[in-house]
Amino acid sequence: MLQQMMLAVIPLIVLIATGYGLKQVNFFEDGFWHGAEKLNYYLLFPALLLHTTLTAHIEFSQLKRPILSMFVVVASASTFLYALRMFKPMSAARFGVHMQSVVRFNTYIGLALVAALYAKQGMAILAVLLALCIPVVNVISVLSLMERQHMALRPVLLSLLKNPLILSCAVGISLNLLNVPIWQGILQVLKISAASSLPLGLFCVGAALQFKQLHKDLWALSLDTFARLLLMPALAYTVANHFAVPQLSLQVMVIFFALPTASASYILTKVLNGDSQLMAAVISFQTVCAALTLPLVIWCMT
């Protein structure tokens, strides 16, 4: 298992490091990275999720407990942070960063790791969790960044309805559930498109890393990272065991909650006038630390 774990993690580290290196030496212009992220977000990554959910054998009756466990973990973490805010008041600009640091996740790293460890069946479980969790954590993240007097759910919900990741998962799961036959030519197009999604996504993760702010707010960085990479998977493992989640689903769910926060958190934070410098530092620090904590979490489950 140790060899399998290293074979799963090391390629991710190499691809992320390569993306970071290419960015640092300006191998591509900045416009390339923006275009690559857009291409992956709107086309290639949805193709991967759609192909995964269309072709996998998904036992939805066996996913009730993992789904319930997932929502319990997210609700517990976000409730704890709001309760903590009552004792230690802070602006929405900073609170939103801490919330995203704990409840959001890097889908590229997650799918690449689960694919390497658990193949298509593990990816299918993760895709279902993603489809249900993405809208929830996006709503939580947006609301945490907004002052109370400015909170409005409607624009958030409308943007979620247009989210390509949610739409691709919803379409794939629906067609799978209804046993709708799909022409093999379409599946082949999706498969070819999907093959380039994860490597490109990991390159983009590396290119987005920023380490200039790591010397500031080191205490906050450390707490957010410890909570996301170690406390969250521990909580997920505890909750999943309580609900008697099947072994494969448990392992996928724990890895899901051990992922570093999403790179897209920086953009959302900047748009909503949050502390984007702190968010960039958290994303970078968590991504680097995950190279050590993810193997530890996987090892603890075996």
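One is the number of the first residue; the rest follow in order along the sequence. Computation of the quantities below employed the complete heavy-atom set of this structure, encompassing side-chain atoms and omitting hydrogens, waters and symmetry-equivalent molecules.
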Subject >> Ser141 backbone acceptor or donor facing Ser144 side chain under 3.5 Å >> reply: yes
Subject >> Close side-chain approach of Val288 to Phe211, heavy-atom, < 4.5 Å >> reply: yes
Subject >> Within-4.5 Å side-chain heavy-atom neighbours: Met279 and Leu268 >> reply: no
**OP:** Evaluate the side-chain proximity of Cys133 to Phe105: yes if any heavy-atom separation is below 4.5 Å, no if none is.
**Re:** yes
Subject >> Ile134 backbone acceptor or donor facing Asn138 side chain under 3.5 Å >> reply: yes
Original post:
Where do Val205 and Ile109 come nearest, in terms of heavy atoms and distance?
Top reply: CG1-CD1, 4.5 Å
Original post:
Do Arg228 side-chain atoms and Phe257 backbone N/O form a donor-acceptor pair below 3.5 Å?
Top reply: yes
**OP:** Scan residues 104-132 for pairs that pass salt bridge (Lys or Arg N to Asp or Glu O under 4.0 Å), counting only residues two or more places apart or in two chains.
**Re:** none
Subject >> Where Gln100 and Leu145 come nearest, the two heavy atoms and their spacing >> reply: NE2-CD1, 3.5 Å
Original post:
For the residue pair Ser196 and Leu44, what are the closest heavy atoms and their distance?
Top reply: OG-CD1, 3.6 Å
**OP:** Search all heavy atoms of Asn40 against all heavy atoms of Pro46 and return the closest pair with its distance.
**Re:** O-CD, 3.4 Å
Subject >> Beyond-backbone contact of Val136 with Phe71, side-chain heavy atoms, under 4.5 angstrom >> reply: yes
Original post:
Do you know which two heavy atoms are closest between Ser101 and Asp224, and how far apart they sit?
Top reply: OG-OD2, 3.6 Å
Original post:
Counting N and O atoms only, with roles assigned by atom type, does the side chain of Arg85 sit under 3.5 Å from a partner on the main chain of Met90, one being a donor and the other an acceptor?
Top reply: yes
Original post:
Under a 4.5 Å cut-off applied to non-hydrogen side-chain atoms, are Leu143 and Met99 in contact?
Top reply: no
Original post:
Do you know which two heavy atoms are closest between Val103 and Val137, and how far apart they sit?
Top reply: O-CG1, 3.4 Å
**OP:** Keeping to residues at least two apart or across chains, list the salt bridge (Lys or Arg N to Asp or Glu O under 4.0 Å) pairs with something in residues 257-285.
**Re:** Arg94-Asp275
Original post:
Under a single-linkage definition using a 4.5 Å side-chain heavy-atom cutoff for Ile, Leu, Val, Met, Phe, Trp and Tyr, are Leu229 and Val297 assigned to the same hydrophobic cluster?
Top reply: no
**OP:** Answer yes or no: is there a side-chain heavy-atom contact under 4.5 Å between Cys204 and Tyr108?
**Re:** no
Original post:
Quick one: does Leu54's side chain get under 4.5 Å of Leu175's, heavy atoms only?
Top reply: yes
**OP:** Is it possible for you to say whether Val97 and Trp219 belong to one hydrophobic cluster, with membership spreading through side-chain heavy-atom contacts below 4.5 Å?
**Re:** no
Please tabulate, for side-chain N and O atoms in residues 9-37, each donor-acceptor pair with protein atoms closer than 3.5 Å (sequence neighbours left out).
from, atom 1, to, atom 2, distance (Å)
Thr18, OG1, Val14, O, 2.7
Lys23, NZ, Asp30, OD1, 2.7

**OP:** May I ask you to test the Leu130-Leu165 pair for a side-chain heavy-atom distance under 4.5 Å?
**Re:** no
Subject >> Same apolar cluster: Val171 and Leu190, side chain cutoff 4.5 Å >> reply: yes
Subject >> Side chain Ser284, main chain Leu209, donor-acceptor under 3.5 Å >> reply: no
Original post:
Going only through I, L, V, M, F, W and Y residues with side-chain contacts under 4.5 Å, is there a path from Val252 to Leu49?
Top reply: yes
Original post:
What about the rings of Phe95 and Tyr82, do their centers lie closer together than 6.0 Å?
Top reply: yes
